[in-house]
Peer 1: 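The structure under discussion is supplied below as structure tokens; questions concerning it will follow.
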Amino acid sequence: MNTDLHHVNGHPRPVPTIGPQAPTDRPPVNTDRSAVNARRSGGKSGDESGKKPSAATRLVGLARERYTFVMSTDARPYAVAVDGPNLALPLRGKTGVRQRLARLYADTFEGEVASQSALADAMTVLEGIAEDNDPVPVHLRVGSTSDGRIVVDLGTADGRAVVVSAGHWEVVDRAPVLFRRSGAMAPMPVPVRTPDGLARFHSMLNMDESAFRQMAAWMAAAWLPDIPHPILTCKGEQGTGKSKTAQMVINLIDPSPAAKRSQPRDEKAWSRQAFTSWALCLDNISTIPRWLSDTLCKAVTGDGVVDRALFTDDDVVVLSFRRVLAMTTIDAGALAGDLAERVLMVELQLIDGNRRRSEEELDAAFAEARPAVLGALLDLLAGVLEVLPSVRLDSMPRMADFSRVLAAVDQVTGWQTLPDYLAASSNVASDALEGDPFGSAVAALVEQAGAWTGTAAQLLEQLQPPGGVRPLDWPKDATRAGGKVKRLAPLLRSIGITVDDTQRSRDRTRHKLLILTRTDPDDASASALSEPDQAPLWPEEPPPDPENLPPDLH
């Protein structure tokens with residue numbers, strides 16, 4: 001071995017040098033950069049080396065062969081099977097394309113399982129493919145076509161749907177609009193045409209004819225996706241079957257394993273519930289906090305919630321929805337003024353002991369009658385669609401679109417649901433006003449004086465809380481008092497008290513004035529308040545027609 005002296009840290013040390021004949025175990029340095037780059041790029045140096053594509057690449061190929069990818073109007077990517085039902089499948093989640101692709105990959109490439117990182121990479125690519133297309137509407141349970149037909153998703157695995165047009169409905173194998181599904185949905189039975197479907201359903205409920213007809217009209221209107229729907233409120237004392245009635249109603253419109261829900265704890269929890277169901281019921285509502293009252297009002301007319309997407313800084317998730325809602329309560333006084341204007345109140349009577357059914361017996365009767373009830377509601381909806389374009393109202397109440405539907409129902413059936421609804425709405429407003437101590441005090445003041453004018457501070461000073469004890473919701477200052485009167489204005493108007501806050505005092509302070517005036521209700525309102533004739537609570541249940549039962553019930 002040859003050595004040279006090399007000074008290290010001031011001391012000479014021998015440094016070995018490898019001569020031409022010296023053996024060495026060190027591999028020669030590769031100076032061919034193209035070979036290095038070829039290895040880094042997958043083993044190809046300008047030509048195909050035969051290495052198979054990555055798992056993520058093959059997953060994307062499998063997905064593109066079997067699905068088309070779309071983006072919904074709320075910026076959510078979905079996959080639609082090329083040779084399957086017209087259903088929008090989420091890319092991620094338990095029911096999404098990710099799990100289906102993982103299984104398909106294992107079946108296609110025997111002995112191989114796609115890794116989580118490969119699946120994640122594939123989902124990212126597929127999301128990018130979905131973004132290349134213009135957004136499309138994706139519906140939940142109910143949708144509408146461009147020519148005005150209503151489409152109801154039956155929720156079955158084969159993707160069948162009911163298409164309702166003017167004067168006609170039919171079951172089709174493939175929905176003409178794109179639907180999404182959720183874990184809160186359950187399949188609907190195939191409807192059948194029978195003349196006694198509504199009568200069979202009424203025989204299970206302890207409500208008079210007027211209330212039942214309003215509820216039947218509400219159920220048919222619940223499949224109209226583009227109008228606000230009042231909140232169906234089942235009212236009655238304990239033992240009247242409120243919860244069971246609401247459960248059956250929701251399971252006719254939008255079946256769910258959890259048709260009844262508890263009161264949500266906050267707005268985010270409510271949004272998650274509402275996003276997964278077209279129709280849902282809040283059960284046993286006794287008190288409604290202000291935030292929930294406002295949230296329910298927005299859900300009736302159309303609501304949207306924007307939240308930050310998980311694991312991001314600036315991406316957002318949008319939940320937009322308009323929902324069909326029901327709730328059960330004992331006391332309508334729990335309703336705030338704006339919410340009271342958006343309810344359809346139906347009162348249930350106490351069930352006689354000799355007519356009370358067991359849960360099992362009632363469930364069996366409902367399951368047997370359900371296809372016929374669905375068919376009768378679809379018949380009613382088809383008739384409404386036929387006459388609705390020509391319906392005009394002399395005056396438009398708060399829920400104007402729904403009122404037009406009731407007028408169309410009355411035209412088709414000869415019922416009186418619109419006058420009964422207006423009368424019930426006035427009663428609900430009166431009950432809600434009585435349940436508000438401050439509102440009751442304002443009404444009593446105007447009733448006694450005939451008219452009152454002053455500032456919010458003067459009103460708050462003049463009104464005394466009942467018993468001299470200020471309730472929790474009593475306004476604490478003039479600003480809150482003025483806002484409270486403004487919110488109570490619709491309820492006060494329903495009992496003939498108008499609120500005008502557009503005037504100012506004439507002194508230099510220019511304080512805003514509240515002008516409260518007692519007026520006589522309209523003739524239309526007075527006629528609407530007339531009580532309808534009491535009809536029997538339980539009509540006789542007609543026997544089922546064997547010719548019209550679905551095959552599995554013969």
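Everything quoted here is computed from the prediction, not taken from an experiment. We count residues from 1, following the sequence as given.
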Peer 1: Between D74 and R76, is there a salt bridge with N-O shorter than 4.0 Å?
Peer 2: yes
Peer 1: Quick one: do R160 and D153 make a salt bridge, cutoff under 4.0 Å?
Peer 2: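 Salt bridge absent between R160 and D153.
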Peer 1: Taking NZ, NE, NH1 and NH2 as the nitrogens, is one of them in K484 or D436 under 4.0 Å from a carboxylate oxygen of the other?
Peer 2: yes
Peer 1: Quick one: list whatever passes side-chain hydrogen bond (donor to acceptor under 3.5 Å, both in side chains) with N284, sequence neighbours left out.
Peer 2: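 side-chain hydrogen bond (donor to acceptor under 3.5 Å, both in side chains) list for N284, sorted by chain: empty.
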Peer 1: Taking only residues two or more places apart in sequence or in another chain, which ones pass side-chain contact (heavy atoms from CB on, under 4.5 Å) with T240?
Peer 2: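 side-chain contact (heavy atoms from CB on, under 4.5 Å) check on T240 returns N206, E237, K242, L348, L350.
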Peer 1: What is the minimum heavy-atom distance between P264 and W291, and which atoms define it?
Peer 2: O-CZ2, 3.6 Å
Peer 1: What residues form a side-chain contact (heavy atoms from CB on, under 4.5 Å) with E461, not counting sequence neighbours?
Peer 2: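 So E461 forms no side-chain contact (heavy atoms from CB on, under 4.5 Å) with any residue.
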Peer 1: The criterion is side-chain hydrogen bond (donor to acceptor under 3.5 Å, both in side chains); which residues satisfy it with T245, sequence neighbours excluded?
Peer 2: none
Peer 1: Applying side-chain hydrogen bond (donor to acceptor under 3.5 Å, both in side chains) as the test, list every pair that has at least one member in residues 273-283; sequence neighbours left out.
Peer 2: S243-D283, R261-S277, D283-T328
Peer 1: Restricting to side-chain contact (heavy atoms from CB on, under 4.5 Å), what partner residues turn up for P189, sequence neighbours left out?
Peer 2: R370, P371, L374
Peer 1: Could you list all the salt bridge (charged side-chain N to carboxylate O under 4.0 Å, His left out) pairs where at least one residue sits in residues 249-260, not counting sequence neighbours?
Peer 2: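 Only R141-D254 qualify under salt bridge (charged side-chain N to carboxylate O under 4.0 Å, His left out).
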Peer 1: Quick one: ring-ring contact (aromatic ring centres under 6.0 Å, His included) partners of F69, sequence neighbours excluded?
Peer 2: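 Partners of F69 under the ring-ring contact (aromatic ring centres under 6.0 Å, His included) test: none.
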Peer 1: Please list, chain by chain and in numerical order, all residues satisfying side-chain hydrogen bond (donor to acceptor under 3.5 Å, both in side chains) with T453, sequence neighbours excluded.
Peer 2: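 None.
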Peer 1: Quick one: which residue pairs count as a salt bridge (charged side-chain N to carboxylate O under 4.0 Å, His left out) with a foot in residues 489-501, not counting sequence neighbours?
Peer 2: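 Non-adjacent pairs meeting salt bridge (charged side-chain N to carboxylate O under 4.0 Å, His left out): K486-D501.
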Peer 1: With sequence neighbours left out, what residues match V412 under side-chain contact (heavy atoms from CB on, under 4.5 Å)?
Peer 2: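 Expected list: V387.
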Peer 1: Could you report the tightest heavy-atom contact between P77 and M71, atom names first, then the distance?
Peer 2: N-SD, 3.5 Å
Peer 1: State which residues pass ring-ring contact (aromatic ring centres under 6.0 Å, His included) with W474; sequence neighbours excluded, sorted by chain then number.
Peer 2: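 Per chain and number, W474 pairs via ring-ring contact (aromatic ring centres under 6.0 Å, His included) with F438.
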